[in-house]
Each structure stands twice: as C-alpha cells, then as structure tokens.
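Some notes on the structure that comes next.
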Amino acid sequence: MPETAPLDPEDAKIAALARSALARTGAAEGAAVRDTDGRTYSGATVSLDSLALTALQAAIAAAVASGATGVEAAAVASESGEVDAPSLAAVRELGPTAPVLVLDQRGELSDVLHTAG
C-alpha cells in the first residue's frame, strides 16, 4: 500500500533519478540509491550475453565502485511495479533497513519496502 505522506526532498530526488534512468534507457527498470554520505547513483537493467543485472543491482554496483559502504535509501521504477528478491538482496547487503521506494513507470509511488523479505 502506498504511503500517503509526500516524499521528503532526498527521497523525491532518488525517485526522480530512478524514473529518469527508466525513461532515458528504455530498459525494463530504472533505479537509484543514496549512500550514507548522501551521494546518489542510478542504474538501469543490463541485459548482455555476458552480464545481466537488475536496475537496483546496477545502481548498487555503481555505489560500491565509487566507494560507498552503506545505503540509506533506494528507489526502483518499472512497469511491473515490483522488486525481485535479487534486487532487494543487493540493497539489503549495504542497507539492511533502507527503505526501497517502488514506483510505476510514470514515477508514481506504489509501495515502500521497509524490511527484508
């Protein structure tokens, strides 16, 4: 069930980045994460013969590659409006309690996942 309160400005920023990654790439998903230092990273679905990543995995990989050691929030935008287990696991490894904002392809909030599972 979506939260009724408007997103705070920092969460709105990663929601917009996730939606932008989706729109810019035409991929199945777009995602963004905010690390514990406040830096943001975005990613989109990667579908290569040699590599497959969900958008959240790609965003987490970008964060880790830039030196992030923790994640305080994440957002994913997709047509399905769902987050699969491998994507959630990538977020949970760096941010066990980080909220994951789930957005539809228009960028409308459809859910917020607060805990693993």
Side-chain angles (χ1 to χ4, degrees):
M1 183 110 210
E3 299 206 347
T4 56
L7 294 176
D8 73 45
E10 293 301 312
D11 286 347
K13 179 179 177 182
I14 61 170
L17 286 171
R19 173 63 181 97
S20 293
L22 176 67
R24 180 179 65 252
T25 63
E29 299 176 325
V33 298
R34 182 176 61 250
D35 72 12
T36 53
D37 291 327
R39 297 175 296 187
T40 56
Y41 309 87
S42 63
T45 307
V46 175
S47 298
L48 301 173
D49 290 340
S50 61
L51 178 65
L53 295 173
T54 67
L56 272 173
Q57 289 171 328
I60 289 290
V64 170
S66 295
T69 58
V71 169
E72 65 182 30
V76 62
S78 70
E79 185 175 331
S80 73
E82 297 179 3
V83 178
D84 65 7
S87 296
L88 193 55
V91 174
R92 295 293 173 238
E93 190 164 339
L94 292 183
T97 61
V100 177
L101 309 174
V102 182
L103 311 160
D104 65 21
Q105 63 187 17
R106 294 181 321 273
E108 298 292 324
L109 183 67
S110 63
D111 202 356
V112 179
L113 307 175
H114 290 283
T115 59

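- Both Val100 and Val64 belong to a common hydrophobic cluster when Ile, Leu, Val, Met, Phe, Trp and Tyr are linked at side-chain heavy-atom distances under 4.5 angstrom.
- A 4.5 Å side-chain heavy-atom check between Thr45 and Ser47 finds at least one atom pair inside the cut-off.
- Remark: Arg24 CZ to Arg19 CZ distance equals 11.0 Å, nearest 0.5 Å.
- When every heavy atom of Gln57 is checked against every heavy atom of Ala52, the shortest pair comes out as OE1-O, 4.4 Å.
- Scanning all heavy atoms of the two residues, the minimum distance from Thr25 to Ala44 falls at OG1-CB, 3.6 Å.
- Closest of all the heavy-atom pairs between Ala58 and Gly43 is CB-CA, 4.2 Å.
- For the residue pair Ala21 and Gly30, the shortest heavy atom distance occurs at CB-CA, 4.0 Å.
- Considering CG of Leu22 and CD of Glu29, their distance stands at 8.5 Å, rounded to 0.5 Å.
- A heavy-atom distance below 4.5 Å is found between the side chains of Val83 and Leu56.
- Scanning for side-chain contact (heavy atoms from CB on, under 4.5 Å) contacts around Ala73 gives Asp11, Ile14, Arg34, Pro99, with sequence neighbours left out.
- Side chain of Arg92 to backbone of Gly95: a donor-acceptor contact under 3.5 angstrom is found.
- Pairing each heavy atom of Tyr41 with each of Ala59, the nearest pair is CB-O, 3.8 Å.
- Linking ILVMFWY side-chain heavy atoms closer than 4.5 Å, directly or via other members, places Ile60 and Leu53 in two distinct hydrophobic clusters.
- Within 6.0 Å of CZ in Arg106 there are 12 or fewer heavy atoms belonging to other residues, nucleotides or ligands.
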> Should Leu101 and Leu109 be marked as a side-chain contact (heavy atoms from CB on, under 4.5 Å) after you check the CA-CA gap, both sets of side-chain angles, and the distance that decides it?
Replying inline: CA-CA 7 Å; Leu101 309 174; Leu109 183 67; 4.0 Å; yes
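- Ala18 is linked by a side-chain contact (heavy atoms from CB on, under 4.5 Å) to Ala32, Ala75, Ala77, Leu103, counting only residues two or more places apart in sequence or in another chain.
- Here the CD atom belonging to Glu93 is positioned 12.0 Å from the CG atom belonging to Leu88, to the nearest 0.5 angstrom.
- Using a distance-only test at 3.5 Å, with no hydrogens or angles considered, no donor-acceptor pair links the side chain of Arg39 to the main chain of Ala63.
- By the 4.5 Å heavy-atom criterion applied to side chains, Glu79 and Asp104 are not counted as neighbours.
- Counting all heavy atoms, side chain and backbone alike, Thr36 lies closest to Glu72 at CA-OE1, 4.0 Å.
- Thr54 pairs in a side chain to side chain contact (heavy atoms under 4.5 Å, CB included) with only one of the listed residues (Val46, Asp84, Val76), which is Asp84.
- Taken together through direct or relayed side-chain contacts under 4.5 Å among Ile, Leu, Val, Met, Phe, Trp and Tyr, Val33 and Leu17 form parts of separate hydrophobic clusters.
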